[in-house]
Amino acid sequence: MRCLVEDLATFAVTAGAWLRREPVLHNVLLTLVADRLSGDVPLSGDERFVRVVDGDATVGAMVWTPPRGPLLAAMPVGAARTLAEHLVEAAPPLVEVHGPVPAVAEFAQRYAECANLVAVRGTAQRIFALDAVRLPTGVPGHARPATATAADRDLLVSWAAAFAAEISPGHRPVDLSGQVDARLRHGLLWLWEWAGRPVSTAWLSRPVADVVRVSGVFTPPGERGRGFASGCVAHVSRYALDAGATTCTLYTDLANPTSNRIYQALGYRRVAEAAQWRFAPHSEAVIKRFASEIDPGLTQTS
């Protein structure tokens, strides 16, 4: 097996056909590529698009969009090891990697071995999918599409920042206003309103291979416990299906039992596990400190 570094357009064709065989498992990868092809997310020049081939057949793929670590496809463990060996030789040192289990675990262990680092498991996630919604009952309020007004936009940008800070404490803030603006242009941001004010939000991705991803689900702390997130997610999921998607998907943090429970109550079913791994040097003190600072949560919003 060998790795091919490709430009965006080539990767979208070559790896894209392979990724679409598992459109739920690979939805984040597919939307990362689609958003950059469309220009909704401009290329920074630092991205890497890598395909793993065995002879002429694609057996793995990776997209790296710094400052986040690489995102792997679901692939055989041999392909994951080949990719790890390639990145040790051909890329700057990695801080983290994300992807489906078991490929990401195999990659992390092999990369750490080759780079003389220690692989430390970070956030554990579960991938869910839904093709029919069970609407919750008794949730006060209603959903509405967010608009490009200053009031909605400013609120959504502030909530996106609060969401990112909550799931990744201690990380350098990232400006998500561009992602908010892109979704507003395409009608992909929704608000749940109660008593005349927005109390929760959920983001949608544009459909790729007939799959839509729900992300960015956020309710301010003072509004939690009333079912607003359940109502909002149920509404946007039904909206996506009614608009032509065959499947909705979302990721949950396994450390958050509430989110795992409420999404299953709406009809979401478990598909696979995913994980984040981080890399630390061979110093016991550093490793202990590093492990204590690992993010309690992780999301893909683009």
Side-chain angles (χ1 to χ4, degrees), residues 24 27-28 31 35 40 125-149 151-167 176-194 197-208 211-245 247-253 256 258-269 297-302:
V24 171
N27 179 263
V28 177
T31 54
D35 286 346
D40 280 343
Q125 293 183 295
R126 182 161 289 156
I127 305 171
F128 285 89
L130 169 149
D131 49 27
V133 182
R134 292 196 294 266
L135 294 175
T137 58
V139 180
H142 64 276
R144 70 163 174 87
T147 67
T149 62
D152 278 3
R153 181 188 182 275
D154 291 348
L155 178 67
L156 288 163
V157 170
S158 68
W159 279 3
F163 178 65
E166 187 172 296
I167 64 170
L176 296 172
S177 59
Q179 293 189 31
V180 169
D181 289 337
R183 282 176 167 79
L184 283 172
R185 286 196 297 272
H186 297 294
L188 299 174
L189 292 177
W190 288 78
L191 294 166
W192 189 267
E193 284 195 336
W194 175 64
R197 68 184 192 279
V199 292
S200 189
T201 186
W203 297 21
L204 291 176
S205 67
R206 284 195 285 176
V208 179
V211 176
V212 168
R213 187 173 72 260
V214 180
S215 64
V217 180
F218 180 74
T219 304
E223 306 291 356
R224 293 174 186 174
R226 299 185 178 98
F228 298 144
S230 291
C232 197
V233 170
H235 179 88
V236 301
S237 301
R238 186 174 66 175
Y239 170 85
L241 295 174
D242 288 347
T247 306
C248 291
T249 185
L250 54 77
Y251 283 66
T252 65
D253 181 350
N256 185 342
T258 300
S259 65
N260 284 270
R261 183 181 68 253
I262 67 172
Y263 296 140
Q264 290 180 81
L266 302 179
Y268 278 91
R269 65 187 184 279
L298 175 68
T299 188
Q300 298 277 357
T301 60
S302 63

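Everything numeric here is computed off the predicted structure, so don't read it as measured data.
Note: Tyr263 OH to Ser237 OG = 9.0 Å, rounded to the nearest 0.5 Å. For the atom pair OG of Ser215 and CD of Gln179, the computed distance is 8.0 Å after rounding to the nearest 0.5 Å. Between the CG atom in Leu204 and the OG1 atom in Thr31 there is a gap of 12.0 Å [rounded to 0.5 Å]. If you take CG on Leu266 and NE2 on His235, they are separated by 13.0 Å, rounding to the nearest 0.5 Å. To the nearest 0.5 Å, atom OG1 of residue Thr201 and atom CH2 of residue Trp192 are 12.5 Å apart. Note that CH2 of Trp159 and CG of Asp154 are 12.5 Å apart. Values are rounded to the nearest 0.5 Å.
Remark: Arg238 pairs with no residue by the side chain to side chain donor-acceptor pair (under 3.5 Å) rule, at least two apart or across chains. Among residues two or more places apart in sequence or in another chain, the side chain to side chain donor-acceptor pair (under 3.5 Å) test is passed with Asn256 by none. Every side-chain contact (heavy atoms from CB on, under 4.5 Å) that Ser158 has, sequence neighbours left out, goes to Leu155.
With contacts defined as side-chain heavy-atom distances shorter than 4.5 Å, the pair Val28/Tyr251 qualifies. Counting only heavy atoms from C-beta outward, the side chains of Asp40 and His186 approach each other to under 4.5 Å. Side-chain contact between Asp181 and Arg153 is present, with heavy atoms from C-beta onward closer than 4.5 Å.
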Sequence neighbours excluded and cut-off under 3.5 Å, please list the side-chain donor-acceptor pairs for residues 128-146, or say none.
unit_1: Arg134; atom_1: NE; unit_2: Ala265; atom_2: O; d: 3.2
unit_1: Arg134; atom_1: NH2; unit_2: Gln264; atom_2: O; d: 2.8
unit_1: Arg144; atom_1: NE; unit_2: Glu193; atom_2: OE2; d: 2.7
unit_1: Arg144; atom_1: NH1; unit_2: Asp152; atom_2: OD2; d: 2.8
unit_1: Arg144; atom_1: NH2; unit_2: Asp152; atom_2: OD1; d: 2.9
unit_1: Arg144; atom_1: NH2; unit_2: Asp152; atom_2: OD2; d: 3.4
unit_1: Arg144; atom_1: NH2; unit_2: Glu193; atom_2: OE2; d: 3.2

Do any side-chain atoms of residues 217-228 form donor-acceptor pairs under 3.5 angstrom with protein atoms, and if so which ones, sequence neighbours left out?
unit_1: Thr219; atom_1: OG1; unit_2: Ser200; atom_2: OG; d: 2.8
unit_1: Glu223; atom_1: OE1; unit_2: Arg197; atom_2: NH2; d: 3.1
unit_1: Glu223; atom_1: OE1; unit_2: Arg226; atom_2: NH1; d: 3.2
unit_1: Glu223; atom_1: OE2; unit_2: Arg197; atom_2: NE; d: 3.2
unit_1: Glu223; atom_1: OE2; unit_2: Arg197; atom_2: NH2; d: 2.9
unit_1: Arg224; atom_1: NE; unit_2: Thr219; atom_2: O; d: 2.5
unit_1: Arg224; atom_1: NH2; unit_2: Glu166; atom_2: OE1; d: 2.9
unit_1: Arg224; atom_1: NH2; unit_2: Glu166; atom_2: OE2; d: 3.2
unit_1: Arg224; atom_1: NH2; unit_2: Thr219; atom_2: O; d: 2.9

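Under the salt bridge (Lys or Arg N to Asp or Glu O under 4.0 Å) criterion, no residue pair touches residues 227-236, with sequence neighbours excluded.
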Item to check | Verdict with supporting geometry, Val180 and Trp203, side chain to side chain contact (heavy atoms under 4.5 Å, CB included) | outcome: CA-CA 9 Å; Val180 169; Trp203 297 21; 4.0 Å; yes
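Each of Ile262, Thr252, Val233, Thr249 was compared with Tyr268 under the side chain to side chain contact (heavy atoms under 4.5 Å, CB included) criterion, and only Val233 meets it.
No donor-acceptor pair under 3.5 Å is formed between the side chain of Asn27 and the backbone N or O of Val212.
The two atoms that bring Asn260 and Asp253 nearest to each other are ND2-O, 2.9 Å, heavy atoms only.
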